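Presented below is the structure to which this report refers.
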Amino acid sequence: MHAGSCELKVALLDVDAFYVSVELLRRPELCGKPVVVSGTGPRAVVTTASYEARRFGVGSAIPASRARRLCPEAIFLPPDFPTYRAISKTLMEVLKAHVERVEVVSLDEAYLDLEGFISPRAAMRRVLAEIQRETGLTCSVGIGPNKLVAKVASDAEKPRGFVTLTREQACARFASAPPRLLPGIGPKTAETLAKLGLETIAALAAASPELLRSRFGPTQSLEIARRARFEHGGAVTPVREVVSESRERTFDIDVADAQVLREELARMASELCTSLARHRRSGRTIGIKVRLDDFSTATRARTIAEPTRDVETVTSVALRLLREYDPPRPVRLLGVRVGGFGSAGGGAVAGRPERAEALQDDPQLALPL
Ligand SMILES: [Mg+2]
């Protein structure tokens with residue numbers, strides 16, 4: 001049975017085994033073999049495994065050493081992020097050429113707003129054909145009335161999945177699946193739910209609100225129950241690309257002491273680099289911002305050869321800029337910025353699973369979707 005077109009408002013498109021698929025395009029002799037993309041160090045983890053390797057239990061985020069034991073004949077390849085980013089760019093260009101509102105989730109995954117399409121399914125078939133033509137990649141697609149249904153549907157029949165579901169159909173189809181299938185319900189929540197005897201999505205959907213509230217509090221309990229009913233109100237939001245990140249501080253009392261300014265700048269640079277590392281971002285442009293006690297504001301920036309998030313590099317460049325500017329009056333506000341993301345070396349970093357990126361790239365949602 002097909003869902004009615006008016007119910008099909010959102011699609012989630014996800015490239016099948018993205019990193020591995022890119023590698024197979026340039027090494028077709030490896031097609032049909034268990035192939036794993038992973039780092040090489042002692043603590044490396046699998047970023048992506050081919051479907052042949054997944055049959056041996058090799059999946060994203062498991063240690064590469066364990067993957068070798070599970071599947072000794074697997075071919076291990078190092079990740080090549082510059083190539084993955086270039087292909088991702090082509091992929092997203094195709095999506096944006098067909099669909100007005102595209103929410104990029106990760107290098108190989110995006111939500112598409114299908115409202116306004118007379119035939120959303122036909123539109124998605126056209127998109128898939130063009131992606132295959134332009135990149136050689138295959139994708140899985142889920143289509144539904146909201147992002148939650150689209151996301152779960154896209155995962156249901158990989159690879160080359162094409163699943164359209166109304167909300168009611170999603171409830172029926174995943175009734176006996178564990179709550180962990182739902183984005184935002186992680187291992188800890190699932191464990192708590194299991195202790196309450198709620199081990200399926202249907203059981204969770206039917207659970208008493210009081211029971212859930214007693215364990216999860218008023219806000220989270222409502223959200224969990226809504227997800228179990230496949231309700232989700234989030235719109236497809238084209239995310240503005242993040243190009244820089246900064247830290248700044250307005251002093252309680254204007255500061256004239258150069259030593260205090262240097263210490264504060266170094267502290268903020270360190271905090272900024274910690275955050276850049278957490279979001280796996282690097283940039284080539286390091287800048288400072290100085291607002292004086294008369295509210296005049298000066299910015300200074302320097303672009304270096306290689307993207308960085310190294311605290312020593314950022315701090316030393318920022319301090320040099322401050323020394324060169326040499327504030328002529330007491331300072332009201334001081335800031336440091338790293339920008340020019342997206343150049344080589346920015347974005348994803350070796351040894352990280354594709355999946356983790358998708359979840360961490362959406363800081364607005366407490367329960368990621
Ligand atoms: Mg994928």
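Quantities reported herein were computed from a predicted structural model and do not represent experimental measurements.
The pair E264-R267 meets the salt-bridge criterion, since a charged nitrogen lies less than 4.0 angstrom from a carboxylate oxygen. Salt-bridge annotation for D326 and R323: absent, with no side-chain N of the basic residue lying under 4.0 Å from a carboxylate O of the acidic one.
Stacking of R125 on the aromatic ring of F162 is recorded, both the 6.0 Å distance cut-off and the 45° axial limit being met.
T166 and E7 form no side-chain donor-acceptor contact under 3.5 Å, judged by distance and modelled atom types alone. With hydrogens and angles left out, the side-chain atoms of D16 and S140 include a donor and acceptor closer than 3.5 Å. The closest side-chain donor-acceptor pair between S176 and T200, if any, does not fall under 3.5 angstrom.
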Next on the checklist: Assess the residue pair R291 and T297 against the criterion (side chain to side chain donor-acceptor pair (under 3.5 Å)); give the C-alpha distance rounded to whole Å, side-chain angles, the decisive distance to 0.1 Å, and a yes or no.
Outcome noted: CA-CA 4 Å; R291 182 167 297 146; T297 303; 2.8 Å; yes
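Side-chain contact check for V36 versus I75: every heavy-atom pair is 4.5 Å or farther apart. Under the 4.5 Å side-chain criterion, counting only non-hydrogen atoms from C-beta, V152 is in contact with P183. Between R302 and I286, every side-chain heavy-atom pair lies at or beyond the 4.5 Å cut-off.
A perpendicular orientation is assigned to the rings of Y19 and F81, their planes being inclined by more than 60° (bins at 30° and 60°).
Between the side chain of T192 and the main chain of K188, a donor-acceptor pair closer than 3.5 Å is present.
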